[in-house]
There are 2 protein chains.
Amino acid sequence: MTDTTPRAAVPTLDEVAVLAGVSRATVSRVVNDSPRVSPEAREAVRSAIAELRYVPNRMARSLVTRRTDTIALVLNEPNTQVFSDPFFASIVRGVSATLADTDLNLVLLTAQDEREQQKIGRYARLGHVDGVILMSVHSDDPLPDILAEAGVPLVMCGRPFDDRAVAFVDADNRGGAEVATAHLIATGHRRIATITGPLDMIAGVDRLAGHRAALAAAGLRTFPELEAEGDFTEAGGARAMESLLGRDPELDAVFVASDPMAVGALSALRRAGRRVPDDVAVVGFDDAAVATRCDPPLTTIAQPLADMTPLLTELLLRQIEGVGEAVESRVCRTSLVRRASA
Amino acid sequence: MTDTTPRAAVPTLDEVAVLAGVSRATVSRVVNDSPRVSPEAREAVRSAIAELRYVPNRMARSLVTRRTDTIALVLNEPNTQVFSDPFFASIVRGVSATLADTDLNLVLLTAQDEREQQKIGRYARLGHVDGVILMSVHSDDPLPDILAEAGVPLVMCGRPFDDRAVAFVDADNRGGAEVATAHLIATGHRRIATITGPLDMIAGVDRLAGHRAALAAAGLRTFPELEAEGDFTEAGGARAMESLLGRDPELDAVFVASDPMAVGALSALRRAGRRVPDDVAVVGFDDAAVATRCDPPLTTIAQPLADMTPLLTELLLRQIEGVGEAVESRVCRTSLVRRASA
DNA sequence: CGGGGGCGTGAGAACGCTCTCACGGCCGTG
DNA sequence: CACGGCCGTGAGAGCGTTCTCACGCCCCCG
């Protein structure tokens, strides 16, 4: 009804230039905030732009600048469940917020299988994005290679499996896990089990290594029956806890490699009639929001997400700008947050 | 190490043409699968493309075709919690899977505040996407207007608040809720509460309307103290259930407008010492995976997501192709899934 | 044996922008 | 008063595609 022109004829730079009585170049300068424009010309262009409701054509611009001003956050996860992990939500939220001040756009790409991974590789290679933040990398993942080969600036969230020269930001998973289990030892527990993350993910591997290191440091042995592999989901945590309880009913503590899994473990323990922390102490990992809400509130290892997400984008932007040839990486400190579960 | 050329000089159509001994136009025809190319020329071009590892420049192509071959799934949600709702995960997964067979790319855009919404509007207007699927629309949402004005093909997931001419795909929320509450009535319950969705979302409004309609049809009155507004999260469901129990300890059933909220309600009921379904019967909505896992398994209303997601993309693609001027919408049937909670 | 109709091909314009370069006009300095 | 320098501006060349035409060629039919 309000639309008088049936097909909204999109105005071009030329039309703005004609209306403003200047050249195309001057309009371009105004649009791109170049300082070398007289106030009068600038004003004339401004009002012409407003009148025509001009919006620059991004494709034309990208064609010449070779930049798209969009970066991709790639979620590489076959397991749909994990998609709803609060850790991801936090990263997405954080990166999105960091980028909000810039004129960069953020797109989320998800890959659930190899076909979709290839598609993402193609998408990146086609120059749709200036850079990629890659999350949730598994050991057999082709995506790091695909993206590296595509020559796209890349920052991984979590260190890579091999020692490849790629930028990454990671929490000190090993150190955090070590602190977690050391805390359980210090509070008098001796039969300490662990629910690991997926062992095809570096966070899963590192947190298990930290747990074992803490046991070793205290002169305690590691027992296979006290280690159960989870999948970072609440349901997986519950299953793992049940399995653990079946294998060693006497266990008195458990380090769980993520808070959602710990919540699952908590309900499995409750169903089994164990009190937390009196019968079984529980320490989680992440310090997700759910850790404060569950019953009892979870003692857990906090990842400094507030530091990590800006770092993630910062390292990527630096790569995109091309300053500093060497890829740079960061490992962020974790800390123990004591609540009621241990 | 393996990279001999420091800066991977991206080959262009011209270079392929020269190597293949044909013109640019012929290469373009081969790339775009035009039939009017001789087998020999096609083969020459093919091998030249392979040798040069040629990839078409998407920006240049988009500039002339005015298509980007990417569509956006916009998640418009201030509440980070809701981001991890299994319903969203299913939609994302479904749309992504539907698009996997096409050469269309899917990007996810999230908006948590008005600034980010404006950014998405700009992104769309700039021609980054061929079309938009919009999810999680709230009553005061500027995004539908922004996108409509931007002239981008648009399909909404869920009907709009006003009767605007926009394509949408929705479940029969009202009908489903009516069936849910009717089921509670049929099984002998009389003091039936409801935990609604956010009432600034159409799904929340419609499900409440269905609930009330079922009560009215059975000659039962609606009481304000038997209605509590939730936010589609588990924590919100638990809070609402507690509030309901405080307001009317005698209630014998509750229709909960989403499964995550129902799970929260279940734990609130457990904490309050009520047995489900003996003391209080519970019916959820969504038939999310969690409905089968919780204790007791949830009787719920299934949305036909398997139908809805292909429909969503289909309607959008049809708009993009420009066939069929009139916007088309669909409302999908829901069904009662009986488990143990009611 | 001549003419019409494909079919495969190439030349070149167009898409909308950025950016280099050159050119006047003004100022300040010697 | 003359000259160098800077500042604002415009002309025009690209960026890498697609797509419209026009042009030979060969084949088939009369």
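All chains are named by letter (A, B, ...) in the order of the sequence lines, taking the proteins before the strands, and each is independently numbered beginning at 1. Keep in mind it's a predicted model, so treat the numbers as computed, not measured.
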Would you say a side-chain N or O of Asn57(A) is under 4.0 Å from OP1 or OP2 of dC15(C)? no

CG (Leu109(A)) and OH (Tyr123(A)) are apart, to the nearest 0.5 Å, by 6.0 Å

Positions of residues 34-49 of chain A (non-hydrogen atom under 4.0 Å from DNA chain C), listed by number: none

What is the distance from atom OG1 of Thr102(B) to atom CG of Leu317(B), rounded to the nearest 0.5 Å? 7.0 Å

What integer distance in Å separates Leu63(B):CG from dT18(D):C1'? 10 Å

Does Ser28(B) place a side-chain N or O at less than 4.0 Å from the phosphate oxygens OP1/OP2 of dT18(D)? yes

Rounded to the nearest Å, what distance is computed from the NE2 atom of residue His128(A) to the P atom of nucleotide dG16(D)? 17 Å

SB check Asp145(A) Arg164(A) (cutoff 4.0 Å): yes

When the distance from CZ of Arg29(B) to C1' of dT20(D) is rounded to whole Å, what number comes out? 10 Å

Salt bridge (Lys or Arg N to Asp or Glu O under 4.0 Å) contacts touching residues 30-44 of chain B (sequence neighbours left out): none

Among dC17(C), dC19(C), dT18(D), the one nearest any side-chain atom of Thr65(B) is dT18(D)

Knowing that exactly one of Val155(A), Leu154(A), Val327(A) qualifies, which makes a side-chain contact (heavy atoms from CB on, under 4.5 Å) with Val166(A)? Leu154(A)

Closest-nucleotide mapping onto DNA chain D: is Val22(A) or Arg66(A) further toward the 5' terminus? I mean the 5' end. Val22(A)

Measure CE/Met59(A) against C1'/dT17(D) and give the value in whole Å, please. 13 Å

Report the distance from atom CG of Asn32(A) to atom P of dT9(D), rounded to the nearest whole Å. 15 Å

Angle by which the axis turns from one end of the helix from dC1(C)-dG30(D) to dG30(C)-dC1(D) to the other, five pairs per end, to 10 degrees: 40°

Closer than 4.0 Å, any side-chain N/O of Ser23(A) to the OP1 or OP2 of dA11(D)? no

Between Phe161(A) and His138(A), what is the shortest heavy-atom contact and its length? CE1-C, 3.9 Å

Run the salt-bridge test on Arg115(A) and Asp113(A) with the 4.0 Å N-O cut-off and return the result as yes or no. no

Thr26(B) side chain near dG10(C) phosphate (N/O to OP1/OP2, under 4.0 Å): yes

Could you give the CG-to-P distance, from Leu52(A) to dG16(C), as a whole number of Å? 13 Å

Would you please test Thr68(A) and Asp130(A) for side-chain hydrogen bond (donor to acceptor under 3.5 Å, both in side chains) and show each step? CA-CA 6 Å; Thr68(A) 60; Asp130(A) 292 342; 2.9 Å; yes

Let me know the distance between CZ of Arg24(A) and P of dA11(D), rounded to the nearest Å. 9 Å

Find the distance Asp14(A):CG to dT18(C):C1' and express it as a whole number of Å. 13 Å

